[in-house]
Amino acid sequence: MERELEENNKALKTAGNEYDDAGKESKKFGEEVKDSGEKAEKSGHKLETLGKIAKGLGVAFTAAFAAMGVAVKKVVGVIGDCVDVYADFDDSMRQVAATMGMSADEIGQAGGDFERLAQAAKDAGASTRYTASDAADALNYLALAGYDTNKAIETMPKVLTLAAAGGMDLAYASDLVTDSMSALNMQTSDLDMYMDQMAKTSQKSNTSVQQLGEAILVCGGTASLTGQDLDIVNTALGVMADNGIKGSEGGTKLRNVLLSLSSPTKNGAAELERLGVSIYDAEGNMRQLDAIMGDLNKALSSLSQEEKTAAISTIFNKRDIAAVNALLESTNGRFAELDALIKDSAGAAEEMAGTMESGLAGTERSWKSALEGLQIETGEIFASLKQTALTDMTGIVRDLTKALSSANGDWMQIGDAVGQAVSNKSTNTCRRSCRLPSTSFLYF
């Protein structure tokens, strides 16, 4: 697209220069015509002189029009590309509308929900690294999560920030955010805290935003059921990530640990009671994981290595021992340190996204996003022309196909069918649809 625009500008400049030269040439030739008229009275060679003048003038104007012809073709070609980009964007937005259950009439309402959603996607493309088409795909995931128009528009900028902070595909980030927040039973109003804590966790532990999201997808439901605070969940996942247990594996391990503590086996419950570790408070609510693991670590510290291993194996699944040991060890200071950082994370996602986009690559992404926005706006202007033309031409093709089918090989009928289609409907279609110069229609 950038190369085509550059070539187009050069062609237009060339055409302009040619026209300027033609104008200068015509003025010069005009003076020569005047002079030749005076000379003709004396020499009698007026026709010969005028012939030379006309030939030169024709060459000049022919060159100028030829240059402009190339420019027009390039312009129309670029417009055709813009219409195609707009068509893809419009198709994605109509998928959003379909997912939200909008009717065709609702889509056509001026100032309606569809127009508002489309504008939100365009605004995202105009102001971020992500294109309007990316935003449209992300909106569809929000719609799939049950978000209505207002909720989707409100959530979109925050999802953009988290996606940029984590260097993630926007549609994937949208899907990850909605699913993981749903697993945690969190509301849209909690989104700022959710993404800031994820950003800070990824900064201060050996994991990424995407890996954290994938972990929460697995353990979020259990964490919510057992009443674990968001910062405790992120800290636990960060601690395990420091020990090489991250992503969905980290989520699985944390889920298993919480289940082993909240619903222990008969032997596990007896071992916890023997060690004097309380899982629930006086009101019957499960305590926070860091408090439980802290008490357990203290209780185990007086045991021999053999007794400690036996106790852990009795309370937890053997396949989760590595995660359990990481969490127990972290209660000596790392857990509290990381948790304090995560609690103090307001604005972390925005800051991280800004850092990610401050370099040359970020600038290039923003440029491409802005360029697509221009293509969409340009394509939208001309889209109705193409749609009308295609609709009419589709009718012609279908009528012609029907006529040929009913001709049964009769060449007279075949000739009549083709002739009628070309002479009548095609002419009417072009008159009605081709509002631009006839050559432009071919480039659409």
Side-chain angles (χ1 to χ4, degrees), residues 179-180 183-185 198 201-202 204-208 210-280 285-339 342:
D179 288 352
S180 57
L184 288 167
N185 197 29
M198 289 183 74
T201 304
S202 71
K204 301 302 180 180
S205 64
N206 189 20
T207 186
S208 67
Q210 180 172 326
Q211 289 171 329
L212 278 172
E214 292 169 348
I216 292 174
L217 279 176
V218 179
C219 70
T222 302
S224 176
L225 182 65
T226 57
Q228 301 302 302
D229 293 339
L230 180 62
D231 62 286
I232 296 299
V233 173
N234 277 309
T235 302
L237 292 173
V239 165
M240 289 191 291
D242 287 342
N243 289 271
I245 307 170
K246 59 187 74 175
S248 59
E249 182 188 7
T252 300
K253 300 299 185 185
L254 181 56
R255 180 193 63 191
N256 292 345
V257 168
L258 291 172
L259 288 174
S260 294
L261 292 171
S262 61
S263 300
T265 63
K266 182 178 180 180
N267 292 335
E271 187 65 23
L272 286 167
E273 185 176 358
R274 186 182 73 81
L275 292 170
V277 177
S278 299
I279 305 302
Y280 295 92
N285 298 315
M286 185 170 172
R287 300 166 66 203
Q288 294 298 304
L289 180 63
D290 60 325
I292 296 173
M293 298 304 283
D295 289 349
L296 181 58
N297 193 42
K298 290 178 182 178
L300 293 171
S301 63
S302 61
L303 304 180
S304 67
Q305 187 61 51
E306 182 180 0
E307 291 173 329
K308 181 178 180 180
T309 300
I312 293 175
S313 298
T314 300
I315 299 170
F316 302 98
N317 293 323
K318 290 181 175 59
R319 60 179 176 272
D320 301 321
I321 297 300
V324 172
N325 285 335
L327 291 170
L328 288 172
E329 179 63 28
S330 72
T331 61
N332 292 322
R334 171 58 175 162
F335 200 107
E337 175 192 18
L338 181 57
D339 185 45
I342 292 173

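Keep in mind it's a predicted model, so treat the numbers as computed, not measured.
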| message | Run the side chain to side chain donor-acceptor pair (under 3.5 Å) test against Glu271 and tell me which residues pass, sequence neighbours left out. | response | Arg274
| Sequence neighbours excluded, which residues qualify as side chain to side chain donor-acceptor pair (under 3.5 Å) partners of Ser260? | none
| note | The side chain to side chain donor-acceptor pair (under 3.5 Å) partners of Thr201 (sequence neighbours excluded) come to none
| request: Return each pair, listed once, that meets side-chain hydrogen bond (donor to acceptor under 3.5 Å, both in side chains) where at least one residue sits in residues 230-244; pairs must be two or more places apart or across chains. | output: Gln197-Asn234, Thr235-Asp339, Asp242-Arg334
| query | Partners of Thr226 by side-chain contact (heavy atoms from CB on, under 4.5 Å), sequence neighbours excluded? | reply | Thr222, Gln228, Leu258, Ser262, Met286
| field | Contacts of type side chain to side chain donor-acceptor pair (under 3.5 Å), residue Thr331, not counting sequence neighbours | value | Asn297
| Given Lys246 and Asn206, is the side chain to side chain contact (heavy atoms under 4.5 Å, CB included) satisfied, shown in steps? | CA-CA 8 Å; Lys246 59 187 74 175; Asn206 189 20; 3.2 Å; yes
| Under the salt bridge (Lys or Arg N to Asp or Glu O under 4.0 Å) rule, what pairs show up with a residue in residues 305-323, not counting sequence neighbours? | Lys253-Asp320
| task | Kindly write out the residues that satisfy side-chain contact (heavy atoms from CB on, under 4.5 Å) with Ala299, not counting sequence neighbours, or none if the list is empty. | result | Leu275, Val277
| Can you check whether Leu261 reaches Met293 side chain to side chain, under 4.5 Å on heavy atoms? | yes
| request: From the options Ile216, Leu184, Leu217, select the one residue that forms a side-chain contact (heavy atoms from CB on, under 4.5 Å) with Asp179. | output: Leu217
| What residues form a side-chain contact (heavy atoms from CB on, under 4.5 Å) with Ile321, not counting sequence neighbours? | Ile312, Ser313, Asn325
| request: Mind checking side-chain contact (heavy atoms from CB on, under 4.5 Å) for Ala236 and listing every partner two or more places apart, or none if nothing turns up? | output: Leu254, Leu289, Leu327, Phe335
| message | Going by salt bridge (Lys or Arg N to Asp or Glu O under 4.0 Å), name the pairs with one or both residues in residues 255-267, residues two or more places apart or in two chains. | response | none
| message | Less than 4.5 Å apart, side chain to side chain, heavy atoms only: is that true for Asn256 and Phe316? | response | no
| query | Side chain of Ser224, backbone of Gly220: donor and acceptor closer than 3.5 Å? | reply | no
